[in-house]
Every structure is written in C-alpha cells, then in structure tokens.
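Okay, structure first, notes after.
Proteins come first, then strands; the chains are lettered A, B, ... in the order of their sequence lines, and each starts at number 1.
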There are 2 protein chains.
Amino acid sequence: MRWEELDQQPCSVARALSVVGDRWTLLVLRDCFLGVRRFDAFEKRLGITRHVLTDRLKKLVHEGVLYKAPYQDKPRREEYRLTDKGLDLHPVLMALVSWGDHHMADDRGAPIVRIHKGCGEVMRPVMVCSECGEPVSAREVKVEPGTGWAAQATDVMPIEIG
Amino acid sequence: MRWEELDQQPCSVARALSVVGDRWTLLVLRDCFLGVRRFDAFEKRLGITRHVLTDRLKKLVHEGVLYKAPYQDKPRREEYRLTDKGLDLHPVLMALVSWGDHHMADDRGAPIVRIHKGCGEVMRPVMVCSECGEPVSAREVKVEPGTGWAAQATDVMPIEIG
DNA sequence: TCCATAGGTTCTTTTTTGGAACCTTGATAC
DNA sequence: GTATCAAGGTTCCAAAAAAGAACCTATGGA
C-alpha cells in the first residue's frame, strides 16, 4: 500500500492517519490547541520550514480540520482555527501527552500540567468505556468486524492480542 | 527545530511524536494491537517496503515499545511483541479509531467494532478527567507550566484556546 | 538439485524535507 | 518619495527518506 491510498483502507486508524499521520501535522495541531493561529507563530514555535508548513496547513484546511478566518483587511490577513472536526482530535493529543508524560519525561517531571476547568484539579486523561464507564486497557478490548467491514483478499482478520 | 531534535523539546506531545510520529509507525503498532507479530505478516498487511519496516521495528525495539521474542530455533526466528510501554499506547490508537469512526467513515459505518470484555458491550472510547471522572473536551482544559518546564528564549508560553 | 520460508540487506529511482532567497501588499519611518 | 518592515506566502536547490525490486542466508523438504 502506498501512503496516498491509506484513506481508502477499511480501518479508522489508517483513515485518521491519512490526515494526521505525517511528520509535522500533529505538532501543528498541538499548537492550534495551545491557541496558536498565525502562520509566522507556527513557524517560529515549530522551526518548521515555510514550505512544509504551507503544505500542512493547506492539507488540514482541505480536510476540514482547520478553517481560515480573516482578522484584518488592508492587507488581508487570515488565521487558522480548529473546526469542530479539529476540536474532536483533542483526545488524540491528550493520549499522546499522557503517554509522553509517563514514558518520556525526564527527572524534572511533566513540562506542562493540565487543569480540568470543571473540577479545578490537575488532571490526567483516562480512557474509559462509553457503556460502563470503567477504564479500558489493551487486553480488555476485543475487536470484531463492523458494518463497514469489506473483506478483501489481502485483508487479514483482526485477532485478539495476547 | 529539526525532526531529530524533537525528543529534547519540553513537551510530552513532541517527545511522544519523536517515537510514534512518522509515517508508518502508528500503523505498525495498530497491527501489533491486532495480534500481528512477524516480519512478513506486517509486510503483507501493510504493503510497506521491507527497508522501511526493518527501520521502524528496529526503532520501536530501541525505544522499548516492542521487544523481540524467539519462537523457534534452527533457524532462529524472532517475533515482535508489545512491551508495557507499548501497551500503554493503546489510548492513542483508541483515540484515533474513535475520531476515524466519527469523521472518516463512509456510509457503511465503522469497519471494526470494539467490545469491552468487562461489560460485554460494543464500546466507544471516552476521554475523562482522572479526578472527577467527567468527559473532557478541548475547551474544558487549561494548561500551565509544570515542574519539567524549562523556559527558553524561543519558547512561547502556552495560552488558552478560544 | 531445486524450491520454499523467514527475515533481512543492497541498489536505484522518486518524493519529501531542509534551508535559503525572493515576492506582494500595505503600513510606517526618514 | 525612498527605505524599511511585517505577514504570508512561493521558488529554487541540496539532502534525506520512501518506493520498488533484486539479492543474500540458513534451514527444511520434494
């Protein structure tokens, strides 16, 4: 499979990664969630080349994850903001943050802490089951083909992890 | 910032992405969570080139996300399995699945469904606050520097998203 | 002897990045 | 009026990474 065919796979992970799965995209989105909106701010913070930044922002707008909103005329300037589709990526960033805090932090601890406005406490994100509310780990989830499953000769049925 | 310097950033997202943030790594891990363990199985399922697959598996072993376990002698063969550090990436994959199911599915619905063994129901993963147990969305989280924060001239303080 | 299998390595070509310079529109300084 | 600056790009070239195919090694079987 070529990278460009990813979005046609019968797999939500593959389809999601076809949008956010390349080198800089999730870092651009991290900055979006931190409130960064302008081209030169992304450039300065990320140290990304302008060429690549242009490309990633265009792609994210095209996919409906960001939208361009004018913030002045004469000369016209536009900034990039998260759409609802983009805001829905928050759990992905939170999951990465959580893993990074746990497994990649140095001895000084987490560089950034998150406070849940609802309860006012410093929080960790926890993944729970939508049905029973219990935290879910890898071994507690079984996968099965769903309605969108279209088996192809090259597909391998998912099996359970041991 | 060059891509290779990502792991030195004072940001858990950047550090996490320095391990799993390139083109094929998260797809390799998806297959690990589905029970795939052998080189040729990854190759057939992903359609990735052998060169890139070798490189990604080596990197994941080096980072402690996978480990090699022998499954036969004469000739010696080894398979790749998730370590605890690797299993902890499950929420990242779940978050991507959830977003993909919601925003990238075609009209046939999700290709794969997940069943929570604990309650037996078809589940969606939900991100909740570790302190109060309520679901958290992007707008309900405030970020602040933590103990590992080491401000540098080029750093920009996180601001709240609007 | 010939073929197959698992797990790679090597080679060449095509795409992506990195890095720097240049362009455009208007605002402001001299 | 000329010079400079800012934001948000585009263009060009070199370096790095990925795609695609062929080759290598150890063993086992027909």
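With sequence neighbours left out, B/R76 forms a salt bridge (charged side-chain N to carboxylate O under 4.0 Å, His left out) with B/D73, B/E78. With sequence neighbours excluded, no residue forms a salt bridge (charged side-chain N to carboxylate O under 4.0 Å, His left out) with A/K58. In terms of the side-chain hydrogen bond (donor to acceptor under 3.5 Å, both in side chains) criterion, A/Q72 has no residue partners (sequence neighbours excluded). By the side-chain hydrogen bond (donor to acceptor under 3.5 Å, both in side chains) test, A/R77 pairs with no residue at all, sequence neighbours left out. Remark: B/T25 pairs with B/D22 by the side-chain hydrogen bond (donor to acceptor under 3.5 Å, both in side chains) rule, at least two apart or across chains. Under the side-chain hydrogen bond (donor to acceptor under 3.5 Å, both in side chains) criterion, A/E134 pairs with no residue at all, not counting sequence neighbours.
Through direct or relayed side-chain contacts under 4.5 Å between Ile, Leu, Val, Met, Phe, Trp and Tyr, B/Y67 connects to no other residue.
Taking atom CG of A/L53 as the reference point, atom C1' of D/dG9 lies 10 Å away to the nearest angstrom. Rounded to whole Å, the distance from NZ on A/K58 to C1' on D/dG8 is 11 Å.
For residues 90-107 of chain A, the pairs satisfying salt bridge (charged side-chain N to carboxylate O under 4.0 Å, His left out) are A/D101-A/R114, A/D106-A/R108, A/D106-B/R15, with sequence neighbours left out. Sorted by first then second residue, the salt bridge (charged side-chain N to carboxylate O under 4.0 Å, His left out) pairs that include residues 80-97 of chain B, not counting sequence neighbours, are B/E79-B/R81.
For the segment residues 64-72 of chain A, the set of residues with a heavy atom within less than 4.0 Å of an atom of DNA chain D comprises A/K68, A/Y71, in numerical order.
A/E43 comes within 4.0 angstrom of no nucleic acid atom, judged by non-hydrogen atoms across all strands. Residue-level contact check: B/R38 touches the backbone only, with heavy atoms under 4.0 Å from sugar-phosphate atoms and none from bases.
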Tabulate protein N/O versus nucleotide N/O from nucleotides 16-26 of chain D, keeping only pairs under 3.5 Å, one per line.
from   : atom 1 : to    : atom 2 : distance (Å)
D/dA18 : OP1    : B/R56 : NH2    : 2.4
D/dA18 : OP2    : B/R56 : NH2    : 3.2
D/dA19 : OP2    : B/W24 : NE1    : 3.3
D/dA19 : O3'    : A/R2  : NE     : 3.4
D/dG20 : OP1    : A/R2  : NH1    : 3.3

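A 4.0 Å heavy-atom criterion places the boundary nucleotides of DNA chain C facing chain B at C/dT5 to C/dG19, written 5' to 3'.
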Practice prompt. In sequence, state the C-alpha distance, the side-chain angles, and the governing distance for A/H103 and B/V19, and then conclude on side chain to side chain contact (heavy atoms under 4.5 Å, CB included).
Written response: CA-CA 11 Å; A/H103 291 287; B/V19 178; over 6 Å; no

